[in-house]
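Worth saying up front: this structure is predicted, and the values here are computed from it rather than measured.
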Amino acid sequence: MELKDNNKEYAEAADVILTDDEMDDVAGGYGNWQQTAKGSYVNYGQYIVYTVVGGDELSGIAIRFGVTVQQICQWNNIKNPDLIYINQKLTIYPTILR
């Protein structure tokens, strides 16, 4: 497999050879989080503000950012984790950004 064009220069500069699958893993890859967390976010350094879109679930958002549903509920004073709203803004302190 060949490297994706937009990542070739970075891999070459670091003297690293990655397959497409490995590059997807490094770049966030594809997974359940993309099916259930499609909203956008703004990065404020130590935290992000995520905007909920239709079809989002807290579990998918949690997976996307490497946190737990319980943490998202605590940070945003959410009483019912099964009830979020389109355009709702969620503050998240991510361990990863995808």
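Distance check, rounded to the nearest 0.5 Å: OG1 of Thr91 to CD of Gln74 gives 12.5 Å. Interatomic distance, Asp56 CG to Thr51 OG1, rounded to the nearest 0.5 Å: 9.5 Å.
Distance alone, capped at 3.5 Å, is enough to place a donor-acceptor pair between the Gln88 side chain and the Tyr85 backbone.
In the hydrophobic cluster analysis, where Ile, Leu, Val, Met, Phe, Trp and Tyr join through side-chain heavy atoms closer than 4.5 angstrom, Trp75 is grouped together with Tyr47.
Heavy-atom minimum distance, Tyr93 versus Val67: O-CG1, 3.5 Å. Taking every heavy atom of both residues into account, Pro81 and Val69 meet most closely at CB-CG1, 3.9 Å. Between Leu58 and Cys73 the shortest heavy-atom distance is CD1-SG, 3.9 Å.
A search for side-chain contact (heavy atoms from CB on, under 4.5 Å) contacts involving Asn80 returns Asp82, Leu83, not counting sequence neighbours.
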>> Go through it in stages, so that I can follow the logic: the residues are Tyr50 and Ile61, the test is side-chain contact (heavy atoms from CB on, under 4.5 Å), and I'd like the CA-CA distance, side-chain angles, deciding distance and then a yes or no.
In response: CA-CA 9 Å; Tyr50 180 85; Ile61 297 168; 3.4 Å; yes
> Where do Val49 and Leu90 land on the side-chain contact (heavy atoms from CB on, under 4.5 Å) test, with the steps shown first?
Replying inline: CA-CA 5 Å; Val49 175; Leu90 300 174; over 6 Å; no
> Passes side-chain contact (heavy atoms from CB on, under 4.5 Å), Ile72 versus Asn76? Steps please.
Replying inline: CA-CA 6 Å; Ile72 294 174; Asn76 294 279; 3.8 Å; yes
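A heavy-atom distance below 4.5 Å is not found between the side chains of Arg64 and Ile92.
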